[in-house]
Number of protein chains: 2
Amino acid sequence: MTTDDAPESRMTREVELLWGLDASPPRRGPKPRLSREVVIGAAIAIADAEGIEAVSMQRVAKELGYTTMSLYRHVDSKEDLLVLMLDTAMDAPPPPPRSDGDWRAGLEEWCRGALELYRARPWSVRVASSGPPVGPNGLRWMEAGLRELVGSGLPVGEAVQMLVLLSAVLRDTVRLEADMSRAARATGTTLVEIEHDYSVGLRRVVTAEEFPTIALMLEEQVLEQGSGAGPPDRVGGPADELEFGIRRILDGIEAYVRAGEGTGGPSS
Amino acid sequence: MTTDDAPESRMTREVELLWGLDASPPRRGPKPRLSREVVIGAAIAIADAEGIEAVSMQRVAKELGYTTMSLYRHVDSKEDLLVLMLDTAMDAPPPPPRSDGDWRAGLEEWCRGALELYRARPWSVRVASSGPPVGPNGLRWMEAGLRELVGSGLPVGEAVQMLVLLSAVLRDTVRLEADMSRAARATGTTLVEIEHDYSVGLRRVVTAEEFPTIALMLEEQVLEQGSGAGPPDRVGGPADELEFGIRRILDGIEAYVRAGEGTGGPSS
DNA sequence: ACAATTAAGTGTACGTCATACACAGTTGAG
DNA sequence: CTCAACTGTGTATGACGTACACTTAATTGT
């Protein structure tokens with residue numbers, strides 16, 4: 001009858017969870033020896049080392065030397081734990097605003113930074129998020145990306161759309177690379193070899209009649225290259241090849257914004 | 001010593017699985033009453049109706065009126081079943097080549113078609129694929145997309161990169177929309193309401209000092225619109241807003257290809 | 001100082017999951 | 001007609017998420 005009659009809309013709950021608005025003041029019982037942060041940390045350590053599928057309540061508890069059920073004193077459910085892991089994984093601050101207002105360079109930095117983050121914790125792109133970010137870290141990244149996009153001259157609405165699009169590109173490319181890496185690890189080979197195996201497999205079923213363009217791709221050994229030259233941080237996965245695509249997207253934004261200048265804004 | 005000494009490289013296995021190269025000729029035992037296709041179909045029906053997490057071996061078996069273990073006569077593992085479901089979900093032929101060689105229109109059609117497919121089976125973007133498509137249906141879509149991209153004048157290698165990028169955009173946007181829909185269903189509301197809840201939740205933690213651009217976004221009620229006007233097939237999710245972003249990407253490709261014309265190819 | 005209260009961590013238990021294995025019944029090849 | 005191969009069944013195992021009752025330790029009101 002006071003405040004919480006409504007089912008609290010899930011979103012509200014997630015906000016409270018991620019901003020620590022659910023913690024009650026110092027309480028009565030024994031001092032907690034475990035803490036939410038420690039639990040999250042242990043879970044992340046496991047996910048980093050062995051992938052998200054290795055993270056189970058039992059495993060996290062064992063790693064910490066507690067019983068499984070003790071975790072439930074600090075986290076309401078495994079789903080909550082995953083949500084908390086997600087925002088924690090986005091620590092590392094986004095690139096700060098540039099002093100020159102170069103939005104293109106700013107966005108490229110943002111993409112590189114986000115990609116680095118996702119790549120360092122590939123499991124983070126696999127956990128379900130019920131929507132855009134709401135945690136403090138996630139919001140910081142969102143703010144930084146949005147800032148650059150709005151700086152380009154795009155109206156906010158369209159800036160949001162482009163941010164969603166850019167995140168989608170980064171996330172799903174990392175997901176693909178992570179899935180390939182997992183397959184590589186499972187067979188004890190490398191990412192490069194997996195890509196080679198892929199083209200070998202394809203050649204068995206791709207005919208020039210039915211799949212002319214794919215056949216062309218195989219002829220030119222498009223999949224085999226990639227790891228040839230380039231910066232030393234190349235792993236050989238699809239995320240190495242993202243720069244080109246990102247640049248096309250930025251080109252597209254630039255063209256659009258330029259076309260809108262002088263015509264009373266790009267909202268046409 | 002003959003052919004199969006090596007562990008068969010996973011990729012080869014997947015190809016054989018998806019192209020039915022593993023079926024032996026008519027055999028000796030009782031006639032199978034169940035079949036691989038029926039199992040896949042039942043699994044897809046469950047995933048369509050209740051999401052991928054409802055698909056368990058027990059559940060599929062129950063739906064078919066057989067024991068759980070009977071499924072293993074037709075499918076080696078649940079993972080194999082998921083892979084088979086994936087390619088089967090991509091039935092529905094991609095758009096055919098256009099008679100006018102308009103690659104932009106062709107690519108837009110391709111995106112629309114793929115988006116429709118993903119949206120009809122949102123679970124398909126959630127299952128792990130160890131790499132690019134290898135099944136007959138997946139390859140048909142890949143061929144169609146690649147055909148248009150190469151038609152634009154892009155060299156094959158860069159066309160592949162843009163195809164990966166476009167798929168990433170479509171896939172992850174559908175994933176986001178599906179996650180939001182799931183949250184909506186769980187609380188018994190609609191996608192539109194979820195987006196509203198999201199901005200309500202955000203307003204509780206977003207200050208104009210720390211998150212100026214997000215604050216601006218909230219002021220302009222960017223999240224609340226979306227469902228205003230538009231074609232009747234709008235659901236209110238993020239995938240509705242994809243057209244704008246896709247067009248920017250196509251703009252980017254067009255600009256790049258045009259710039260490369262006359263300079264001896266766009267490979268600079 | 002002491003009792004009542006409340007919270008932290010434990011132990012046990014349940015239902016669901018993927019799947020290994022031994023089995024019974026059915027079929028075609030020799 | 002026999003036997004080998006194959007289909008579907010039954011049972012079992014170990015991992016999972018989590019509900020619930022419990023012990024024990026800390027705090028608060030008297």
Side-chain angles (χ1 to χ4, degrees), chain A residues 13 17 20 22-43 46-47 49-86 123 126-128 182 186, chain B residues 13 17 20 22-43 46-47 50-85 123 126-128 182 186:
Chain A
R13 224 191 72 74
L17 178 68
D22 55 339
S24 15
R27 289 142 305 181
R28 217 187 307 210
K31 341 207 78 149
R33 298 147 57 210
L34 214 50
S35 75
R36 174 170 290 184
E37 285 67 36
V38 171
V39 172
I40 298 170
I46 297 170
E50 302 172 43
I52 194 66
E53 67 279 353
V55 175
S56 72
M57 297 305 267
Q58 358 249 335
R59 180 66 198 286
V60 174
K62 181 191 285 187
E63 216 69 32
L64 291 167
Y66 288 84
T67 47
T68 306
M69 290 311 291
S70 69
L71 304 186
Y72 285 92
R73 290 284 167 199
H74 303 94
V75 148
D76 273 1
S77 64
K78 187 182 182 183
E79 212 184 312
D80 274 15
L81 175 57
L82 290 175
V83 169
L84 288 163
M85 288 171 69
L86 247 201
W123 49 265
R126 293 221 65 97
V127 337
R182 194 167 60 78
Chain B
R13 223 192 72 76
L17 178 67
D22 55 339
S24 16
R27 290 141 304 182
R28 210 180 318 203
K31 347 206 75 152
R33 298 148 57 212
L34 215 49
S35 75
R36 174 170 289 186
E37 285 67 36
V38 171
V39 172
I40 298 170
I46 296 171
E50 302 171 43
I52 195 67
E53 68 281 351
V55 176
S56 72
M57 298 304 267
Q58 357 250 339
R59 180 65 196 286
V60 174
K62 180 193 283 189
E63 216 69 33
L64 291 169
Y66 288 84
T67 46
T68 305
M69 291 312 291
S70 69
L71 303 186
Y72 286 92
R73 289 287 166 202
H74 302 95
V75 148
D76 273 0
S77 65
K78 188 184 178 180
E79 212 184 311
D80 275 15
L81 174 57
L82 289 174
V83 169
L84 289 164
M85 287 172 69
W123 49 265
R126 294 222 65 96
V127 336
R182 194 166 59 80

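Chain A is the first sequence line, chain B the second, and so forth, proteins listed ahead of strands; every chain is numbered from 1.
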Checklist entry - Taking for each residue the nucleotide of DNA chain D with the nearest heavy atom, is it B:Arg73 or A:Val55 whose nucleotide lies nearer the 5' end? => result B:Arg73
Item to check | Residue met sooner reading DNA chain D from 5', once B:Thr68 and B:Pro30 are mapped to nucleotides | outcome: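 The residue closer to the strand's 5' end, by nearest nucleotide, is B:Pro30.
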In terms of side-chain heavy atoms of [X], which of [options] is nearest?
X: A:Arg28; options: D:dT27, C:dA18, C:dA8; answer: D:dT27
X: A:Thr67; options: C:dA18, D:dG8, C:dG9; answer: C:dG9
X: B:Met69; options: C:dA20, C:dT10, D:dG17; answer: C:dA20
X: A:Lys31; options: C:dT27, D:dC20, D:dT27; answer: D:dT27

Next on the checklist: If we ignore hydrogens and angles and just use 3.5 Å, is the side chain of B:Arg126 paired with the main-chain N or O of A:Arg126 as donor and acceptor?
Outcome noted: yes
Nucleotide [N], atom [atom2] - distance to [atom1] of [X] in whole Å:
X: B:Tyr72; N: C:dA20; atom1: OH; atom2: C1'; answer: 10 Å
X: A:Asp80; N: D:dG17; atom1: CG; atom2: C1'; answer: 13 Å
X: B:Leu34; N: D:dC6; atom1: CG; atom2: P; answer: 17 Å
X: B:Met57; N: D:dG10; atom1: CE; atom2: C1'; answer: 17 Å
X: A:Tyr66; N: D:dT23; atom1: OH; atom2: C1'; answer: 16 Å
X: A:Leu64; N: C:dG9; atom1: CG; atom2: C1'; answer: 13 Å
X: B:Leu71; N: C:dA18; atom1: CG; atom2: P; answer: 10 Å
X: B:Arg36; N: D:dT7; atom1: CZ; atom2: P; answer: 11 Å

Checklist entry - So what does B:Ser70 touch, heavy atoms closer than 4.0 Å: a base, only the sugar-phosphate, or nothing? => result base
Checklist entry - Side chains of A:Val83 and A:Arg13: closer than 4.5 Å at any heavy-atom pair? => result no
Item to check | Minimum side-chain heavy-atom gap A:Asp22-A:Arg36 below 4.5 Å | outcome: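 Yes; the side chains approach each other to less than 4.5 Å.
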